[in-house]
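The structure appears right after this line, and notes come after that.
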Amino acid sequence: QVQLVESGGGLVQAGGSLRLSCAASGRTFSSYAMGWFRQAPGKEREFVARISRSGGITYYADSVKGRFTISRDNAKNTVYLQLNSLKPEDTGVYYCAADRRTASGTTATMVGAYDYWGQGTQVTVSS
């Protein structure tokens with residue numbers, strides 16, 4: 001089992017940047033593909049980005065492609081999400097998640113593909 005703790009959220013103006021971190025417990029972090037999701041008030045949780053176990057493969061939702069960057073440091077048991085050129089519609093609670101079964105394709109963007117979740121960190125973008 002792995003425990004995930006997100007940090008780095010906050011209030012930022014449109015066009016600004018934030019860097020989210022997700023620290024994982026345990027010694028098997030590198031065996032999990034990792035993802036970031038977000039949830040706006042009144043909306044379903046949606047996929048943002050995913051990174052493979054080694055960090056060599058990344059995948060993004062079209063809405064964030066070119067603005068957000070996912071990365072990981074397996075030595076530090078941490079996955080990051082760099083958020084640039086933020087827009088008000090990026091507002092929401094951001095969650096990191098771990099996938100121990102290494103889903104592929106469209107499945108990898110689904111909430112149900114992930115086994116462990118953090119508690120979330122709030123990102124608010126003002127216009």
Side-chain angles (χ1 to χ4, degrees):
Q1 190 169 353
V2 62
Q3 293 183 327
L4 305 172
V5 179
E6 301 96 334
S7 61
L11 173 65
V12 63
Q13 288 188 332
S17 298
L18 285 172
R19 189 193 195 201
L20 307 183
S21 298
C22 173
S25 65
R27 293 176 289 181
T28 59
F29 177 70
S30 61
S31 66
Y32 296 90
M34 298 297 295
W36 284 96
F37 288 73
R38 66 186 180 188
Q39 188 166 18
K43 294 188 177 181
E44 293 186 351
R45 194 169 298 190
E46 65 173 1
F47 171 79
V48 174
R50 176 181 171 94
I51 190 166
S52 62
R53 289 174 291 181
S54 67
I57 300 173
T58 57
Y59 183 71
Y60 298 92
D62 287 343
S63 59
V64 306
K65 202 172 295 183
R67 299 189 297 122
F68 292 7
T69 303
I70 188 171
S71 61
R72 68 189 295 164
D73 185 338
N74 286 343
K76 295 183 178 180
N77 281 12
T78 303
V79 61
Y80 305 97
L81 187 68
Q82 178 69 40
L83 289 65
N84 296 331
S85 302
L86 281 161
K87 304 175 182 180
E89 52 263 43
D90 294 318
T91 294
V93 178
Y94 282 68
Y95 300 90
C96 72
D99 168 19
R100 62 183 171 87
R101 293 163 289 178
T102 59
S104 61
T106 304
T107 304
T109 68
M110 297 179 179
V111 169
Y114 294 80
D115 305 286
Y116 305 105
W117 293 82
Q119 83 292 345
T121 185
Q122 176 71 44
V123 171
T124 304
V125 184
S126 62
S127 57

Original post:
Within a strict 4.5 Å, meaning less than it, do heavy atoms of the Met34 and Phe29 side chains meet?
Top reply: yes
Original post:
Does any N or O in the side chain of Ser30 come within less than 3.5 Å of the main-chain N or O of Asn74, such that one atom is a donor and the other an acceptor?
Top reply: no
Subject >> Shortest non-hydrogen contact between Leu4 and Cys22, atoms and distance >> reply: CB-SG, 3.9 Å
Original post:
Looking at CZ of Arg101 and OG of Ser31, how far apart are the two atoms once the value is rounded to the nearest 0.5 Å?
Top reply: 13.0 Å
Original post:
Is a side-chain donor or acceptor of Arg67 paired with a backbone partner of Ser85 at a separation under 3.5 angstrom?
Top reply: yes
Original post:
Which distance, rounded to the nearest 0.5 Å, do you find between the OG1 of Thr58 and the CZ of Arg72?
Top reply: 12.0 Å
**OP:** Measure across Thr121 and Gly8 and return the closest heavy-atom pair with its distance rounded to 0.1 Å.
**Re:** OG1-N, 4.2 Å
Original post:
Do Leu86 and Leu18 come close enough that some side-chain heavy atom pair is under 4.5 Å?
Top reply: yes
Subject >> Over all atoms of both residues, closest heavy-atom pair of Ser127 and Pro88 >> reply: CB-CG, 3.8 Å
Original post:
What do the steps show when you test Ser17 against Gln82 for side-chain contact (heavy atoms from CB on, under 4.5 Å), and what is the final call?
Top reply: CA-CA 7 Å; Ser17 298; Gln82 178 69 40; 4.0 Å; yes
**OP:** Could you walk me through whether Thr78 and Tyr80 pass the side-chain contact (heavy atoms from CB on, under 4.5 Å) test, one step at a time?
**Re:** CA-CA 7 Å; Thr78 303; Tyr80 305 97; 3.5 Å; yes
Original post:
For Gln3, does the CD atom have more than 12 heavy-atom neighbours from other residues, nucleotides or ligands under 6.0 Å away?
Top reply: no
Original post:
Taking atom CZ of Phe47 and atom OH of Tyr59, what is their separation to the nearest 0.5 Å?
Top reply: 6.5 Å
**OP:** Examine Val111 and Val2 and state if one hydrophobic cluster contains both, with Ile, Leu, Val, Met, Phe, Trp and Tyr joined whenever side-chain heavy atoms are less than 4.5 Å apart.
**Re:** no
Original post:
Between the side chain of Gln119 and the main-chain N/O of Val5, is any donor-acceptor distance below 3.5 Å?
Top reply: no
**OP:** Compare every heavy atom of Tyr95 with every heavy atom of Gly118, then report the nearest pair and how far apart it is.
**Re:** O-CD2, 3.6 Å
Original post:
If you look at every heavy atom in Tyr32 and Ala98, which pair is closest and at what distance?
Top reply: CD2-CB, 3.8 Å
Subject >> Intermediate values then yes/no, side-chain contact (heavy atoms from CB on, under 4.5 Å), Arg38 and Ser63 >> reply: CA-CA 12 Å; Arg38 66 186 180 188; Ser63 59; 3.6 Å; yes
Original post:
If two hydrophobic side chains count as joined below 4.5 Å and joins carry through other members, does Tyr94 share a cluster with Tyr116?
Top reply: yes
Original post:
Please walk me through it: do Arg50 and Tyr114 pass side-chain hydrogen bond (donor to acceptor under 3.5 Å, both in side chains)?
Top reply: CA-CA 11 Å; Arg50 176 181 171 94; Tyr114 294 80; 2.8 Å; yes
Subject >> Check: Glu6 side chain, Gly120 main-chain N or O, donor-acceptor pair, under 3.5 Å >> reply: yes
Original post:
Are Asp90 and Lys87 within salt-bridge range, i.e. N to O under 4.0 Å?
Top reply: no
Original post:
So if you build clusters from Ile, Leu, Val, Met, Phe, Trp, Tyr with side-chain heavy-atom gaps below 4.5 Å, do Val93 and Val48 land together?
Top reply: no
Original post:
Once you round to the nearest 0.5 Å, how far does CD1 of Ile70 lie from CG of Leu20?
Top reply: 10.5 Å
Subject >> Neighbour count >12 (heavy atoms, 6.0 Å) for atom NZ, Lys43 >> reply: no
Original post:
Heavy-atom count around Arg53 CZ within 6.0 Å, excluding the residue itself: above 12?
Top reply: no
Subject >> From OG1 (Thr69) to CG (Leu81), nearest 0.5 Å >> reply: 8.0 Å
Subject >> Under 3.5 Å: donor-acceptor pair, side chain of Thr91, backbone of Val125 >> reply: yes
Subject >> Minimum-distance pair of heavy atoms, taken over all atoms of Tyr60 and Ala49 >> reply: CD2-CB, 3.6 Å
